[in-house]
Novice: 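Quick one: the structure is below, and I'll ask about it shortly.
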Amino acid sequence: MWPIAALRVAGMTKEELSRPIRYRRTILHHLIYLLSRTMFFMCGFHWITIRGRRASSSEAPLLVVAPHSTFFDPIVTVVCDLPSVVSRVENLNIPVIGALLRFNQSIMVSRHDPASRKKVVEEVKRRATSNGEWPQVLFFPEGTNGNGEVLLKFKPGAFVAGVPVQPVLMRYPNKLPATIWTWKGNGVLKVLWLTMSQFYINLEIEFLPVYNPSPEEKADPVLYANNLQKFMAKAVGKPATEFELIGDTPVSPLGHLKVPLDPKIWEIGKILKKAGFSFDSVQGLIDLCLEGVCSRVGLDELAEKLGLTQTDVISRVFSYFHKDASGMIDFREVSLVLAAQDATRSAEELAKLAFDLFSTCDADGCFLLSADGFSAILRSLVGSPPAESGKVYSELCPREDRGLTRDGFMQFAISHPCYRHLFLFYLRPPASGRKKPSRVQQNGECVRKNNPEDKPKED
């Protein structure tokens, strides 16, 4: 496949590659198609059950495929006659895969470059509105692999053009979920081993009718994505969720926040515990911060205060925290994260400590929490960016001339119908037997279901 794919684009300029390739298509295209199908056949996909009819590029310039649960899912491109895809730019460096991406003139995106994402949106819109001149573009709108039991939140990039799309469903009706490959679980080699240990793999691909967006959906890509997610979830018989992947971190929405499924602060605790750090010294470090003795520290100062000499351990801990322009971190954030590791500390005590560490005294002698202090608390405990924490702060403290009072912050942490989930459940150490309450998302707000077993158990 590699030399054939490379031959198709050999000698072509960047300008020529920006236009759909017409010549050299037929023979090379059919060869790649045949080899692709042979490769998947050797992996156990002996036959594929196909339902429905694939629309032409003029009917639906975009194909939207879900649920995305394995690295075998690109087999759908064979069924769809090798359309263009949207892929990470890093994949161009993978042998064979990179050549195939160039072969079908894929659209490349960098997850770490906002300018790249804007260019991708413009390119998708250009191809989608070419009246069939370009081949169809295939999307996995979830943006990552899930376990196939739910549909992750659709990213709006595929829907910016506001053109009709054809939804495509993938099902693996096998007794064993051998093909599943997610962010956490079996690795690539184990998935390959489990898959190819089966006599054959059942796969069903269903082409749903073309989805024509309403005027409201054309004007709002997020609405378009959400509605299509619900439409496809109903068709495949799986729930539509608000879970999504940001970077390499799976998150779930909590009001204005997007919270990682697993708090990263527990990893800090595991690293320090393995390195021999004594958590009995945490209260002494907290007292120093409350007295204003230490605030900003560098890498060496952090090692000294924690009493650790392992360079790799200190570097990993240091990298977790936000750095200012001089490369220093706020030791109050370190103290708060260390305090959160204590299973005997109640949620109310942790919230009070957070306020005491980051509040400041105004001219009237009243202690208030500024937007920066509130942002630092959520950043250190949850990893929330300033934009998200700023929205929460504005909701809690609409008056700009004053900060958030202690009572206001405690109401947020302990009594708020949505955000109390953070301190009462999410930030309870694993050793405390924490459990997550059942919640539903309604119009962007968290609503807790009445469940007496969800009441927090505190000492």
Side-chain angles (χ1 to χ4, degrees), residues 66-71 111-112 140-155 177 180-188 190-191 225-226 229 233 238-271 316-317 319-322 336-337 340-341 343 347 350 377-389 391-392 413 416-442 444-449 451 453-454 456:
H68 189 16
S69 63
T70 175
F71 51 73
R111 291 184 176 182
H112 309 291
F140 292 102
E142 294 169 289
T144 189
N145 296 347
N147 61 5
E149 296 301 318
V150 300
L151 261 66
L152 304 179
K153 184 179 179 64
F154 282 11
K155 297 184 181 298
I180 298 297
W181 183 59
T182 63
W183 68 280
K184 189 176 184 179
N186 293 335
V188 175
K190 189 171 183 179
V191 171
N226 291 341
Q229 182 206 25
K238 306 288 185 181
T241 72
E242 291 290 324
F243 295 109
E244 61 179 311
L245 193 79
I246 297 181
D248 295 325
T249 305
V251 301
S252 63
L254 188 71
H256 294 299
L257 304 176
K258 292 183 178 179
V259 182
L261 297 188
D262 292 328
K264 292 186 176 181
I265 59 173
W266 308 142
E267 291 298 322
I268 300 296
K270 291 178 182 178
I271 293 171
R316 291 179 65 182
V317 173
S319 65
Y320 172 79
F321 297 96
H322 173 75
L336 183 59
V337 169
Q341 311 289 330
L350 182 63
I377 293 173
L378 292 187
R379 180 178 61 228
S380 58
L381 293 177
V382 187
S384 301
E388 293 179 8
S389 57
K391 292 179 181 179
V392 180
H416 195 281
C418 176
Y419 298 114
R420 64 176 179 176
H421 171 80
L422 287 175
F423 281 85
L424 294 181
F425 298 94
Y426 183 77
L427 291 173
R428 299 306 297 148
S432 67
R434 68 189 180 99
K435 64 180 290 187
K436 296 180 181 180
S438 55
R439 2 177 229 106
V440 293
Q441 193 81 5
Q442 294 182 357
E445 298 181 356
C446 287
V447 181
R448 286 175 45 81
K449 296 180 180 178
N451 187 347
E453 296 182 358
D454 283 345

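A quick note: this is a predicted structure, and the numbers were derived from the prediction, not measured.
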Novice: Check the angle between the aromatic planes of H416 and Y419 and answer parallel, tilted or perpendicular using the 30° and 60° thresholds.
Specialist: tilted
Novice: Look at the side chain of E142 and the backbone N and O of L152, then say whether any donor-acceptor pair between them is shorter than 3.5 Å.
Specialist: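 Pair found, side chain donor or acceptor close to backbone of L152.
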Novice: Could you measure the distance from the CG atom of L427 to the CH2 atom of W266? Nearest 0.5 Å is fine.
Specialist: 6.0 Å
Novice: What residues, two or more places apart in sequence or in another chain, satisfy side-chain contact (heavy atoms from CB on, under 4.5 Å) together with E149?
Specialist: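 Testing E149 for side-chain contact (heavy atoms from CB on, under 4.5 Å), a comparison that skips the adjacent residues, returns N147, K238.
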Novice: Report yes if some heavy atom in the side chain of Y426 is under 4.5 Å from a heavy atom in the side chain of L254; otherwise report no.
Specialist: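 Result no, sub-4.5 Å side-chain heavy-atom pair not found.
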Novice: Taking only residues two or more places apart in sequence or in another chain, which ones pass side-chain contact (heavy atoms from CB on, under 4.5 Å) with K264?
Specialist: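 Partners of K264 by the side-chain contact (heavy atoms from CB on, under 4.5 Å) criterion, ordered by chain and then number, come out as T249, Y320.
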Novice: W181 and V188: which non-hydrogen atoms are nearest, and at how many Å?
Specialist: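 Scanning both residues, the minimum pair turns out to be CZ2-CG2, 3.6 Å.
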Novice: What I'd like to find out is whether the side chain of V150 reaches to under 4.5 Å of the side chain of P67, using heavy atoms alone.
Specialist: no
Novice: Within a strict 4.5 Å, meaning less than it, do heavy atoms of the V382 and P263 side chains meet?
Specialist: no
Novice: K153 versus N226: any side-chain heavy-atom pair under 4.5 Å?
Specialist: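 A side-chain contact exists here, since the closest heavy-atom pair is under 4.5 Å.
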Novice: Less than 4.0 Å between a side-chain N and a carboxylate O, is that true for R316 and E267?
Specialist: no
Novice: Kindly give the heavy-atom pair with the smallest separation between I265 and A340, and that separation in Å.
Specialist: CD1-CB, 3.9 Å
Novice: Check whether any side-chain heavy atom of R428 lies under 4.5 Å from a side-chain heavy atom of F423, and answer yes or no.
Specialist: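 No, every pair of side-chain atoms sits at 4.5 Å or beyond.
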Novice: Give a yes or no answer on whether the side chain of E388 reaches the backbone of K258 with a donor-acceptor pair at less than 3.5 Å.
Specialist: yes
Novice: Give a yes or no answer on whether the side chain of Q229 reaches the backbone of T241 with a donor-acceptor pair at less than 3.5 Å.
Specialist: yes
Novice: Hey, does P250 have a side-chain heavy atom less than 4.5 Å from the side chain of F243?
Specialist: no
Novice: With a 4.5 Å cut-off on side-chain heavy atoms, are L257 and L422 touching?
Specialist: yes
Novice: How close do I271 and V317 get, counting heavy atoms only, and between which atoms?
Specialist: CG2-CG2, 4.4 Å
Novice: At what distance, to the nearest 0.5 angstrom, does CZ of R379 lie from CG of L336?
Specialist: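 So the gap between those two atoms works out to 11.5 Å.
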Novice: Taking all heavy atoms of S389 and all of P386, pick out the closest pair and write down the distance.
Specialist: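 Closest approach of S389 to P386: OG-O, 3.2 Å.
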Novice: Looking at side-chain heavy atoms only, is the closest gap between T144 and T182 below 4.5 Å?
Specialist: no
Novice: Hey, what do you get for CG (L151) to CD (E242), rounding to the nearest 0.5 Å?
Specialist: 12.0 Å
